[in-house]
Each structure stands twice: as structure tokens, then as C-alpha cells.
2 protein chains.
Amino acid sequence: MTSIDDVAAALGVSTATVSRALRGLPGVAEETRARVTTTAKRLGYVPSSAASGLASGRTMAMGVLLPAIDRWYFSAVLEGVDRRLRAAGYDLIVFSLGGDGVNRDRVFHRSILRKRIDALLVMCMHLTDEEREAVQQLEYPHIVVGGAVEGVRHVGIDDAQAARDAVEHLIALGHTRIAHMRGGGSFDIDFEVPRQREQAFRQTMADHGLGIREDWSAFGDFTFATSRVSALALLADPADRPTAVFCSSDEMAFGVLRAAAELGIGVPGELSVIGIDDHEFAAPMGLTTIRQDPADQGAYAADLLLGELLRNEPAEYPPSRPHLLVERASTGPAPV
Amino acid sequence: MTSIDDVAAALGVSTATVSRALRGLPGVAEETRARVTTTAKRLGYVPSSAASGLASGRTMAMGVLLPAIDRWYFSAVLEGVDRRLRAAGYDLIVFSLGGDGVNRDRVFHRSILRKRIDALLVMCMHLTDEEREAVQQLEYPHIVVGGAVEGVRHVGIDDAQAARDAVEHLIALGHTRIAHMRGGGSFDIDFEVPRQREQAFRQTMADHGLGIREDWSAFGDFTFATSRVSALALLADPADRPTAVFCSSDEMAFGVLRAAAELGIGVPGELSVIGIDDHEFAAPMGLTTIRQDPADQGAYAADLLLGELLRNEPAEYPPSRPHLLVERASTGPAPV
DNA sequence: ATGAAAGCGCTAACAA
DNA sequence: TTGTTAGCGCTTTCAT
């Protein structure tokens, strides 16, 4: 491996000059910089991140802590984060807690604190008290994306308002018999988000003088499969079923749509379904939903951290990102 | 930040002893090791990865190069890789080429070669000649997951056989009018995989003496939305349409199912649909498919690299992972 | 079983 | 504008 010394020796200049030239620092004659650049390329020199990290205290890497990679929301956020980091020349290190609790604290103690990263982005999820504390006490910039985590700043959509918008869309269509497909639960994925959406659902119903039936609060676990099974039960009785279902996520909405199709229930004629997310499948499925843009959220958070790294001072920022009602074919007037 | 020297000083031992004790190396009295461990924990000592990487030449990180994070296959592979790495105490660095070609070569030259990682896992995708060469000449262990990349070893399912199994399932059900929903195209995602599946489709049809209609080779781009639109056209004419569609991926199969539903075509009564993947939505959708396990492929590849890192010699290994026909409700006998 | 000391390859004062 | 020189915090011989 050719090192900075090789380049310096080849040109008869000092390593400091090579370093400055290559990093675009001022105080290097343009002619010198050109020669250095050329020679470095010719020798195939690539700086060692370990060495520069050790010397400068900057790793040029950012970490993302998440409960699972292979879920729509998280992978989309990741994509947004990555785009920004790439542009800034930063590398992305992913810490997934991946289902089993095994190695959870190893992640915390070995990696997150290991000076491997300059900043950390935490995806909304349930943390133990100890873990939360570890995050709070991080010495470098950090932020939560998605739901709130106590004592840590965060960015995300206004979950309560998003849920309210969805429910009010149904109410405006004349629905009064509205069920809720809830998320959260088996995954450690989150606590705050499902709770806020649920609470907003209840509050909105109450604000409009509509009653809530506890047996119409179905558990969908944020997944297609669980939601489908729940919906099959929820919609089983033609004589007594909701005319609309507010789903706390699109994936659960797909489960409800599927259940309706299996039961021969017409959408939106007999049943309206609305979700939250605007998942990739929502448009082709004709699903009405509240759009959020996870990639934007990730990019926004990454920008924030990158900015703080640059200016070395905390940023002022509005914590909430926009959402938008997208009307498609899965919602319509309440049946008479 | 407390360093190894602080720990050593606190105990009145040398840094070498602390290092040995903490890394579980032999030649340390158990009593000493215990004292070191305790003190290190008390002082909140966490070794710096940059320093140890610089000194030892090991970064304890593995890279994954992929065209996009937020797609089913890739995020699932990532999950499998991550699980293994976590267990081995390795960190995961993700290099996404993410759509736009911007910064592509920066990824190659700045990150991959930057001694930041001990090994690289490349997700099947289209690489420029120069990029392919860069990968081939990597000095550390590397492997491709998914489709083949010329000149680099790889692991994945036997795509040709998987496609053949799918098509023969349809043929065994009596279908002769079989269409193909093809993937590949707009994403740089892949070249080899869609081609192999297409070729196997053609070969299998020919082997069974069945004709192929070029207008029944539809382009689905590996996505739900594109496939749905293609299928809408493919299935438009009740008097002249296929009785079965072989889809090169589940997401495209969902598009075909959706199109069939919109057109009022009964599945599997009038139309059989089969996919490849066993996507999370396949079971609740009742989709017959060829199951593959991306997480397993990722884990397998990661294990391989980890093993080589450990033993310092290339591993012998079977390049192909299993696939399995999963019969569900979307395929049935050809209509008479 | 432990310690001393020489780097690993860079960056960042400080000089010149 | 360029060079000199300390480190950054570990690992790893080589001694002891």
C-alpha cells in the first residue's frame, strides 16, 4: 500500500504538503497541488481513514442505529441519509439491532462509543433505560428520526396531525362507523409512533362526537399479514361491521384491502380504507393515504448533523416534516 | 476520553498488558485480566477503532456495495449480513450507489479502497468496466451476492433452475399459453439475473414444445407499478390472453394480480400467476412462488468472508443456495 | 506473565 | 508557501 510518504518522497516535498494539497487546504501553490494530485493518482495513493481519523479526530463516518433494516420505513430513511452522506464524503455505518436482543449492548458499547463515527442518527424505537441514557450522553451530535425518544431531539412528521387528517378525511366522507388498525407491538420497532396515532384517532373521533368501539381497535402489528388476519375478523359480520378503517400504516392497509377482497366486500363502495405512509405499493393499489417521505426525513436529519459537525454548534431547526393527504380509490362516501 | 494509558496507569501495569487482557489473548494471569476488565469498565474505557485499526491493520468492519438500500432483496440481504457481522463483532459499512450516478467513483476510490474495511460484499448489479476491474483487483476478500459478475466469485440461487421450476409448475398444471413478466431495465440493479430468468423461461418453453409469443413478453421492471401497467395491456383482450404469467419477481406478480383484479379476471380460475422470491407479502396474498432467502444468502456470504479473514486463505464453497416452490392459491389448472 | 518501545499513516501546530 | 515535528491510541515484537 502506497502511503503519503511515498507520494511525498516521489516529489521531494513534505508529507504535510501532500496532505494539504490533497485535502484542498489553502496555502499550497496551485502548481504544487497539481503535481501532488497527479503523482498521488499515478501511485494509486488512497489515504487511510484509520490514520487520518486517529490524527484528526474525525472519522468521516456517520452511524445509524435501527431496529431492523428490511422494513419499508427504515430502509427508506437509510436511503435518504446515505444520499446526503455520500455527497458530503461521509461513510454510512449501520447498526441494526435486528430482532433478537442478542448483542444489543455490544452494539452500544463496542460500536457506538468506539469513536468509529462522528455523529449518530437513531431510528425511532424502543430503547431500554440504559440505552436511552447512553444515547443521551453521547459526546457527538445525534438525533432521533421518526418518533420521539425522551430526552433526545428528533425529526419526523407530526404523527398526531397525520392521524387526525386521515380520520377527518373519513368523517368528511360521512363515515361514523370507523375502525382502527393499530401498529406497534411485537417488534421493538417503536413505542411513540403507534401510541400517538392511536391517541389521535380516539381524540379525533371524540372531537366529532363519534363513538369508539373497543372491538374495532384491531391489532395489525404494522404488517400486512397480521393486519389481514385481524381484518378478516373485524369485517366478518356483514350486519355489524365498520364502513371505514383507519390504518396506522399502508402495509396494514394492504392487509385490510386483501381481507375485504377475500370477503367480497367492495372498496370503496362498502368499505373505505386509508393508510399512512404512501408506500411504494400505495399508488398502484389505489390506496388513499397520508404521505410521508422517510428519505426526506433521513436526508434532513443527516444534513442537520453534518451542519453541526461543520460549524461545531447545535442547529436550530423545526422538528416536524410535512405530510400530505393523497386521495385515491380506496375511500369514498359512507354507504347509506 | 479515557484511553488505554489511563487504564494502565490506574492499575500500574503496562498498556500492552491492558491490550492483551481486554482482547482475551493468552499470556495474561487470570487475576490480572480480571483487574484490568474491572478497571476498564469502571473508567468507561472503550478502545478506539481508528487506533487499533491503524496499529493492527484490521478495521473490524465489512463493506457492502449495493445499487439501492430500499428494495426488498437488498435490504433483506443486508439484514442477513448484519446479523453475522454483529455476532462476529464486525461493523457494517454500507455503500449505496443510490440511483443517480453521482459520486459513484468517489465511492470506489474514496471509500472502498480506503482501508476502511477488511472485506467487501458486492450486491449483484451493473458495474462499469472500470468498476468491475476495481473490484476484481481488491486486495482483501470480496464476493458477489445474487447474480454473477464476470471475474468475481459469487453466491446466490440457481436462477435458471428457479425460473425453470416456476415455468414447469405452470406447464404441469396444463398451461400452454404462458406469458413472462420480465425484470431488469431502468435500475442499474442487475443484468445477469433478469437475463438468466428470461432465458430459462424460453428454454423451458421450448423444451416442452411450447411456443412463445413476443407480445407476451412484458416488461415489469421488477416493480409493482410498472408490472401492473404492463399486465393491464397484456390481459386486456379476453379473447386472446395468456392463461398463466410467470413473473421474474414477486413484486411484479403483485402487479399482475392487481391488474387481474381490476379487469375482473379470476385467479386462479382464469389466470395463474407465479413469482420468484417469497416476498413478505406473498403468503398473505396467496401467491405461489419460488422461495429464495436473501438473508440466508447474505449471512452465507458474510460467513465466508469472515472465515477467510480468520484463516487467511480462500474458502471452498458451493456458490448456489437453495430455492423452493411454494404452492399457494394463485396457480391452478389451466382453464378448459 | 509482564514491560519497553517502535511503529501504524496521518494531521496539525509551529517554524522557517 | 513549505517543512519539521509531535503526537493520535493502539498493537506487536522483543526483552525481561
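All chains are named by letter (A, B, ...) in the order of the sequence lines, taking the proteins before the strands, and each is independently numbered beginning at 1. Because only heavy atoms are used, hydrogens play no part in the values below, and waters and symmetry mates are left out as well, while side chains stay in.
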Applying a 4.0 Å non-hydrogen cut-off, can you work out what Ala16(A) is touching in the nucleic acid: base, sugar-phosphate, or nothing?
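The answer is base, as Ala16(A) lies within the cut-off (heavy atoms under 4.0 Å) of a base atom.
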
Which whole-number value in Å describes the distance from [X] [atom1] to [N] [atom2]?
{"X": "Arg20(A)", "N": "dT1(D)", "atom1": "CZ", "atom2": "P", "answer": "10 Å"}
{"X": "Leu54(A)", "N": "dC8(D)", "atom1": "CG", "atom2": "C1'", "answer": "4 Å"}
{"X": "Met1(B)", "N": "dG7(D)", "atom1": "CE", "atom2": "C1'", "answer": "19 Å"}
{"X": "Leu11(B)", "N": "dG3(C)", "atom1": "CG", "atom2": "P", "answer": "10 Å"}
{"X": "Asp6(B)", "N": "dC8(D)", "atom1": "CG", "atom2": "C1'", "answer": "13 Å"}
{"X": "Arg33(A)", "N": "dT1(D)", "atom1": "CZ", "atom2": "P", "answer": "9 Å"}
{"X": "Leu25(B)", "N": "dA1(C)", "atom1": "CG", "atom2": "P", "answer": "12 Å"}
{"X": "Lys115(B)", "N": "dC8(C)", "atom1": "NZ", "atom2": "C1'", "answer": "11 Å"}

Would you say [N] has OP1 or OP2 under 4.0 Å from some side-chain N or O of [X]?
{"X": "Thr17(A)", "N": "dG3(D)", "result": "yes"}
{"X": "Ser14(A)", "N": "dG3(D)", "result": "yes"}
{"X": "Arg23(A)", "N": "dA12(C)", "result": "yes"}
{"X": "Ser19(B)", "N": "dT11(D)", "result": "yes"}
{"X": "Thr32(A)", "N": "dT2(D)", "result": "yes"}
{"X": "Ser3(B)", "N": "dG9(D)", "result": "no"}

Among Val145(B), Leu78(B), Val77(B), Ile157(B), exactly one meets side-chain contact (heavy atoms from CB on, under 4.5 Å) together with Pro294(B). Which residue is that?
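So, applying the side-chain contact (heavy atoms from CB on, under 4.5 Å) to Pro294(B) and each of Val145(B), Leu78(B), Val77(B), Ile157(B), only Val77(B) qualifies.
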
For a 4.5 angstrom cut-off between non-hydrogen side-chain atoms, does Gln297(B) reach Tyr73(B)?
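SC-SC contact between Gln297(B) and Tyr73(B) confirmed.
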
Does a donor on one side chain and an acceptor on the other come within less than 3.5 Å for Asp118(B) and Thr59(B)?
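Per modelled atom types, Asp118(B) and Thr59(B) side chains form a pair under 3.5 Å.
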
Under 3.5 Å, is there a donor on one side chain and an acceptor on the other for Arg23(B) and Ser19(B)?
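Distance-only check passes for Arg23(B) and Ser19(B).
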
Looking at the side chain of Ser52(B), which of dG9(C), dT11(C), dT11(D) is the nearest nucleotide?
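Nearest to the side-chain atoms of Ser52(B), counting from C-beta on, is dT11(D).
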
5' priority, DNA chain C, between Ser56(B) and Val28(B) [closest heavy atom]:
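Mapping each residue to its closest nucleotide by heavy atoms, the 5'-most match is Val28(B).
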
Residue mapping more 5' on DNA chain C - nearest nucleotide basis, Ile4(A) or Glu30(B):
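Comparing both residues, the 5'-ward one is Glu30(B).
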
Point-to-point distance, once rounded to the nearest 0.5 Å, from CG of Asp91(A) to CD1 of Ile93(B):
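Spacing of CG (Asp91(A)) from CD1 (Ile93(B)) equals 5.5 Å.
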
